[in-house]
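Remarks on the structure that follows.
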Amino acid sequence: MVLANIATLLDVDPRELTDWFWVAYTDAFDWVVEPNVLGMGTYATGDLMTTKPYVSGAAYIHRMSDYCSTCGFNPKTDCPLASLYWAFLARHESALKNNPRIRMPMISLKKREKALRNKDRRIFQKVRDILINGDRVTPVHVS
Ligand code: SF4
């Protein structure tokens with residue numbers, strides 16, 4: 001779900017991501033990969049399987065895992081996932097604005113300052129460009 005979250009926040013094509021899971025994991029089975037990645041992880045099947053996109057920013061990953069303790073980013077200050085999360089909601093605002101399951105974040109998005117929304121968009125583009133080039137995303141590159 002962590003990988004699917006990041007891929008979804010970066011607008012990775014759900015079918016391509018699902019096919020990548022098939023290739024990357026020797027224990028990939030159709031009854032796991034297709035519904036979990038295509039349906040739940042990326043929201044590619046809409047509300048057929050889930051009622052909202054399963055996306056999160058840094059706070060949720062920090063709370064639910066121990067990944068952040070060894071990461072070069074700080075989940076509370078400079079982690080790009082926070083901006084990626086808000087940029088995702090902004091890009092898909094028209095599709096998500098009437099979804100009651102994601103109402104509170106959409107209200108928060110509306111209140112988000114324009115400068116922050118611009119920063120979110122800039123970080124989204126920067127992270128995508130870095131990854132498309134095959135480079136690592138580090139605090140030096142994302143600021
Ligand atoms: S601080 Fe690092 S591990 Fe934690 S959410 Fe951000 S990128 Fe992921």
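Heavy-atom basis, side chains included; hydrogens, waters and symmetry copies ignored. Both ligands and their constituent atoms are indexed starting at 1 by order of listing. In this text, all values refer to a predicted model and were calculated from it rather than measured experimentally.
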Excluding sequence neighbours, so at least two apart, what forms side chain to side chain donor-acceptor pair (under 3.5 Å) with Arg15?
->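 Side chain to side chain donor-acceptor pair (under 3.5 Å) check on Arg15 returns Asp19, Glu34.
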
Tell me who clusters with Tyr54, hydrophobic residues only, linked when side chains sit under 4.5 Å apart either directly or through other members.
->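 Tyr54 shares its hydrophobic cluster with Met1, Met40, Tyr60, Met64.
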
Test salt bridge (Lys or Arg N to Asp or Glu O under 4.0 Å) on Arg128 and Asp11 and set out the steps.
-> CA-CA 9 Å; Arg128 260 183 75 95; Asp11 280 352; 5.6 Å; no

Under 30°, 30 to 60°, or over 60°: which ring-plane class applies to Tyr25 and Phe21, parallel, tilted or perpendicular?
->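 Taking Phe21 first and then Tyr25, their aromatic rings lie parallel (interplane angle under 30°).
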
Are there any protein N/O/S atoms under 2.8 Å from atom 4 (Fe) of ligand 1, and if so, which?
->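 The answer, once waters are left aside, is Cys68 SG.
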
All side-chain contact (heavy atoms from CB on, under 4.5 Å) counterparts of Asp135, not counting sequence neighbours =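 Scan of Asp135 (side-chain contact (heavy atoms from CB on, under 4.5 Å), adjacent residues dropped) gives Ile130, Asn133.
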
Pair Glu113 + Lys119: basic N to acidic O under 4.0 Å =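 Salt bridge flag = no for Lys119 with Glu113.
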
